[in-house]
Amino acid sequence: MSSIQSPLQISLSQSGNIRRRWFNPESQRKVIKINGVKRTTTVVACVNLETKNAAPDNVVIGEKSKEVMEAEKRVLVGTYARTPVVLASGSGCKLYDTEGKEYLDLSSGIAVNALGHGDHDWIKAVVEQANVLTHVSNAYYSIPQVELAKRLVASSFADRVFFTNSGTEANEAAIKFSRKFQRHSNPDAKEPATEFISFTNSFHGRTMGALALTSKEHYRSPFEPVMPGVTFVEYGNIEATKKLIQRGKTAAVFVEPIQGEGGIYSATKEFLQFLRIACDDAGALLVFDEVQCGLGRTGDLWAHEAFGVFPDIMTLAKPLAGGLPIGAALVTERVASAITFGDHGSTFAGSPLVCNAAIAVLDKISKPSFLASVSKKGQKFIETLKQKLGSNPHVKEIRGFGLIIGIELDVPASPLVDACRGSGLLVLTAGKGNVVRLVPPLIITEQELDQAAEILYKSLPALDSNSN
Ligand SMILES: Cc1ncc(COP(=O)(O)O)c(C=O)c1O
């Protein structure tokens, strides 16, 4: 049976390498019949564009996994360059693929599974709530939503909470709240401030507003025009930010206290203190995006606590409901007072099920002893990594706070990530693909972190064999 070739074809080789082939539309044309109708289609000269996320040479992909991967590429929109692993179950910090191979998980579903996989209290919270009430919409009150908001308010600078379903939505809410705040606080202004400042290496999400705040051009340019009025300034550059904010057009400044996707870069205390004062002077809001670095990951409940600087709005998401979709914009009363009925909303956000799960997560993570253990484990892990990996010529820097850690290389990190996976360790990349990102479940043990450091160390030769 003939089929029309799509210009981009993705296939899986015997060893599990993902191949992307781009078919040249100018190449040979051919007439074929589809449902009895003649169509002209192109057949194909193909060029192999990339073989990213390859399976390491010593790994053979099992039949069941292959089947899933083949089906995925037929029925899902090809937005993800997935790692060639089909994960089937998890327990604690371990994941298992369909063939039963065990992996130590230092990726946590991209900094989400803070309590690991299958935490008993989390399961209890989900099952009990699912048995009672899962969803009611925001047309009605529900107890878990109010209880979770009370806890978030009690444990942060914020006075009120708006729930969303993801990080990007939390940032969309922050964008809308910032603009509404400017209109509300300057009712007579001819042109209330509507612009935003964001920073190099930032990542704030994929929807049109959050995308506009995301620095990587590659993410934005295919979808332009995105939300107008965003200016990017070098992360940490006080003088450039000062010049811009003094123009008085800035509704809000969005900043990650520690950049995750951008490569695990931390702001300095001086920079965040400057932003606080500059925003106050200019009447702009300061928004901290703690979607990745917040909620215990740095060893403080909120990453900004270490800097002693507090925002007007903080956005959260990833770990908050332990793997169920959630986001939140936490705001001061001053911001909340600008928002009225109908200004924003969501059908799903803040559902009883998700909020009950989040209560279980927040109750565990916010315990001082839990947070202290994150700091202690993180410090020891960074020291071990420095000892074991620091002298490798490809390792430029090992940095991080608590359990958000980056290993910056002078070469692409993917050969190392692939080799680690071959040896049963899941880690992520960040930055320009040259940073290994380690964001394990916060419950990980010191022994598991030692095991991870050993696998990373033993996998380092992959950097040399691939740079030849
Ligand atoms: C700092 C930051 N903000 C926002 C987002 C977007 O979150 P989501 O993927 O849940 O929309 C991410 C996701 O990686 C993030 O790291």
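Each residue takes its place number in the sequence, starting with 1. Indexing begins at 1, ligand by ligand and atom by atom, following the structure's order. Model, not experiment: these values are computed from the prediction.
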*Asks:* Would you please say whether a donor-acceptor pair under 3.5 Å links the side chains of Asn138 and Gln145?
*Replies:*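 Present: a donor and an acceptor within the cut-off.
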*Asks:* Where the closest heavy atom to atom 4 (C) of ligand 1 is concerned, which of His204, Gln259, Glu172, Glu169 has it?
*Replies:* His204
*Asks:* List ligand 1 atoms under 4.0 Å from Ser166, heavy atoms only on the residue side.
*Replies:* 10 (O), 11 (O)
*Asks:* I need the minimum non-hydrogen distance between Ala357 and Val126, along with the two atoms involved.
*Replies:* CB-CG2, 3.8 Å
*Asks:* Which residues satisfy the side-chain contact (heavy atoms from CB on, under 4.5 Å) test with Ser137, sequence neighbours excluded?
*Replies:*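 Residues passing side-chain contact (heavy atoms from CB on, under 4.5 Å) with Ser137: His135, Ala139, Tyr140.
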*Asks:* Just by modelled atom types, is the Phe310 backbone N or O under 3.5 Å from a matching donor or acceptor in the Arg276 side chain?
*Replies:* yes
*Asks:* Is it the case that Asp289 and Asn171 place a side-chain donor and acceptor less than 3.5 Å from each other?
*Replies:* yes
*Asks:* Measure Asn171 to ligand 1 on non-hydrogen atoms and call it side chain, backbone, both or neither using the 4.0 Å cut-off.
*Replies:*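 For Asn171, only side-chain atoms sit under 4.0 Å from ligand 1.
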*Asks:* Can you sort out which atoms of ligand 1 are near Val291, meaning under 4.0 Å from one of its heavy atoms?
*Replies:*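 The atoms of ligand 1 under 4.0 Å from a heavy atom of Val291 are 2 (C), 3 (N), 4 (C), 5 (C), 7 (O), 12 (C), 15 (C).
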*Asks:* Please report whether ligand 1 has a polar contact with Glu261, defined as an N or O pair separated by less than 3.5 Å (distance criterion only).
*Replies:*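 No, since none of the N or O atoms of Glu261 sits under 3.5 Å from an N or O of ligand 1.
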*Asks:* Can you find an N/O atom of Gly167 closer than 3.5 Å to an N/O atom of ligand 1?
*Replies:*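 Gly167 vs ligand 1: N/O contact under 3.5 Å present.
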*Asks:* Got a protein heavy atom sitting under 4.0 Å from atom 9 (O) of ligand 1?
*Replies:*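 Not a single protein heavy atom is under 4.0 Å away.
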*Asks:* Which residue owns the protein heavy atom closest to atom 2 (C) of ligand 1, what's the atom, and how far is it?
*Replies:*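 It is Phe203 O, 3.3 Å.
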*Asks:* Do Phe199 and Tyr265 have ring centres separated by under 6.0 Å?
*Replies:* no
*Asks:* Check whether any heavy atom of Asp289 sits under 4.0 Å from an atom of ligand 1.
*Replies:* yes
*Asks:* Can you find a non-hydrogen atom of Glu290 under 4.0 Å from ligand 1?
*Replies:* no
*Asks:* Considering only residues two or more places apart or on different chains, which pairs with a residue in residues 209-231 satisfy side-chain hydrogen bond (donor to acceptor under 3.5 Å, both in side chains)?
*Replies:* Tyr219-Glu261
*Asks:* Does the side chain of Thr168 come under 3.5 Å of the side chain of Thr207 through a donor N or O and an acceptor N or O?
*Replies:*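 Note: Thr168 and Thr207 side chains meet the donor-acceptor criterion.
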*Asks:* Specify side chain, backbone, both or neither for Lys318, according to which of its non-hydrogen atoms lie closer than 4.0 Å to ligand 1.
*Replies:*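 The side chain, only.
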*Asks:* Counting each atom of ligand 1 from 1 as listed, which ones have a heavy atom of Glu256 under 4.0 Å away?
*Replies:*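 Matching atoms, with element in brackets: 1 (C).
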*Asks:* Taking only heavy atoms of Thr168, which atoms of ligand 1 are found under 4.0 Å from at least one of them?
*Replies:*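 By the 4.0 Å cutoff, the relevant atoms are 6 (C), 7 (O), 8 (P), 11 (O).
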*Asks:* Would you say the side-chain atoms of Lys318 pair up with the backbone N or O of Gly167, donor to acceptor, closer than 3.5 Å?
*Replies:* no
*Asks:* Counting from 1, what ligand 1 atoms have a heavy atom of Gln292 closer than 4.0 Å?
*Replies:*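 Close to Gln292: 14 (O), 16 (O).
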